[in-house]
Novice: 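Let me give you the structure first, and then I'll get to my questions.
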Amino acid sequence: MALPRGLEEATPMDYIQVSLAEAIPEQARDYASARIGSLDRYAPDRVDFAWVNLTADKTVIHAHARLDLKWVEVQAYAEGHTVTEVIDLVRERMRRQLVSMRDVLVHN
């Protein structure tokens, strides 16, 4: 699996744990680390830990991700037909939650 342009150089952050089911290619670990690791810029507080779990059944790939911030946990789930699709979907769902949290804090 080739990484999209610009992510080839990305280095996984230390606080990200990526778990892969047997059916998921090992290259998915780097892609998930890069995509989920880039979410810290949207977080309203420091991200203490990030976790991504990728599993698959016969026709669908599942991604479950969690970010532990100092005062709250953010979770998202996605499913799709390719590894990059589910990682990108779960990342976008988490990004929206983080931006929403940050906007609430700024306006209060």
Novice: Any heavy-atom pair between the side chains of Ser19 and Val52 that's under 4.5 Å?
Specialist: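 No. Closest side-chain heavy atoms not under 4.5 Å.
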Novice: Under 4.0 Å between a side-chain nitrogen and a carboxylate oxygen: does that hold for Asp48 and Lys70?
Specialist: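 Looking at Asp48 and Lys70, the cut-off is not met.
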Novice: Indicate yes or no: at least one non-hydrogen side-chain atom of Pro44 is less than 4.5 angstrom from one of Trp71.
Specialist: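 Sidechains of Trp71 and Pro44: in contact.
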Novice: CG/Leu69 to CZ/Arg46 distance, rounded to the nearest 0.5 angstrom?
Specialist: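 So the CG of Leu69 and the CZ of Arg46 are separated by 9.0 Å.
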Novice: With sequence neighbours excluded, tell me which residues meet salt bridge (Lys or Arg N to Asp or Glu O under 4.0 Å) with Glu92.
Specialist: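 Result, salt bridge (Lys or Arg N to Asp or Glu O under 4.0 Å) vs Glu92: Arg95, Arg96.
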Novice: Does Ala50 have any side-chain contact (heavy atoms from CB on, under 4.5 Å) partners at least two apart in sequence or in another chain, and if so, which?
Specialist: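 In terms of side-chain contact (heavy atoms from CB on, under 4.5 Å), with neighbours along the sequence ignored, Ala50 is linked to Tyr15, Ile16, Ile36, Leu67.
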Novice: Can you name the nearest heavy-atom pair linking Ala28 to Ile87, along with the distance?
Specialist: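 Nearest heavy atoms, Ala28 then Ile87: O-CD1, 4.0 Å.
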Novice: If the condition is salt bridge (Lys or Arg N to Asp or Glu O under 4.0 Å), which residues does Glu26 pass it with, not counting sequence neighbours?
Specialist: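 Testing Glu26 for salt bridge (Lys or Arg N to Asp or Glu O under 4.0 Å), a comparison that skips the adjacent residues, returns Arg29.
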Novice: Using the test side-chain contact (heavy atoms from CB on, under 4.5 Å), find all partners of Ala76 that sit at least two apart in sequence or belong to another chain.
Specialist: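 Expected list: Val90, Arg93, Met94, Gln97.
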Novice: Suppose we screen for side-chain hydrogen bond (donor to acceptor under 3.5 Å, both in side chains). Which residues come up paired with Asn53, at least two apart in sequence or across chains?
Specialist: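 side-chain hydrogen bond (donor to acceptor under 3.5 Å, both in side chains) check on Asn53 returns nothing, list empty.
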Novice: Throw together a table of side-chain donor-acceptor distances under 3.5 angstrom for residues 55-64, partners on residues two or more places apart or in other chains.
Specialist:
| from | atom 1 | to | atom 2 | distance (Å) |
| --- | --- | --- | --- | --- |
| Asp57 | OD1 | Thr59 | N | 3.2 |
| Asp57 | OD1 | Val60 | N | 2.9 |
| Asp57 | OD2 | His62 | NE2 | 3.1 |
| His62 | ND1 | Tyr77 | OH | 2.4 |
| His64 | NE2 | Gln75 | OE1 | 2.8 |

Novice: Tell me the closest heavy-atom pair linking Val72 and Met101, and the distance in Å.
Specialist: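 That closest heavy-atom pairing would be CG1-CE, 3.3 Å.
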Novice: So, Ser38 versus Arg91: side-chain donor-acceptor pair below 3.5 Å or not?
Specialist: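 Yes - a donor-acceptor pair under 3.5 Å links their side chains.
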Novice: Is the shortest heavy-atom distance from the side chain of Leu98 to the side chain of Leu39 under 4.5 Å?
Specialist: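 With C-beta onward as the side chain, the pair touches.
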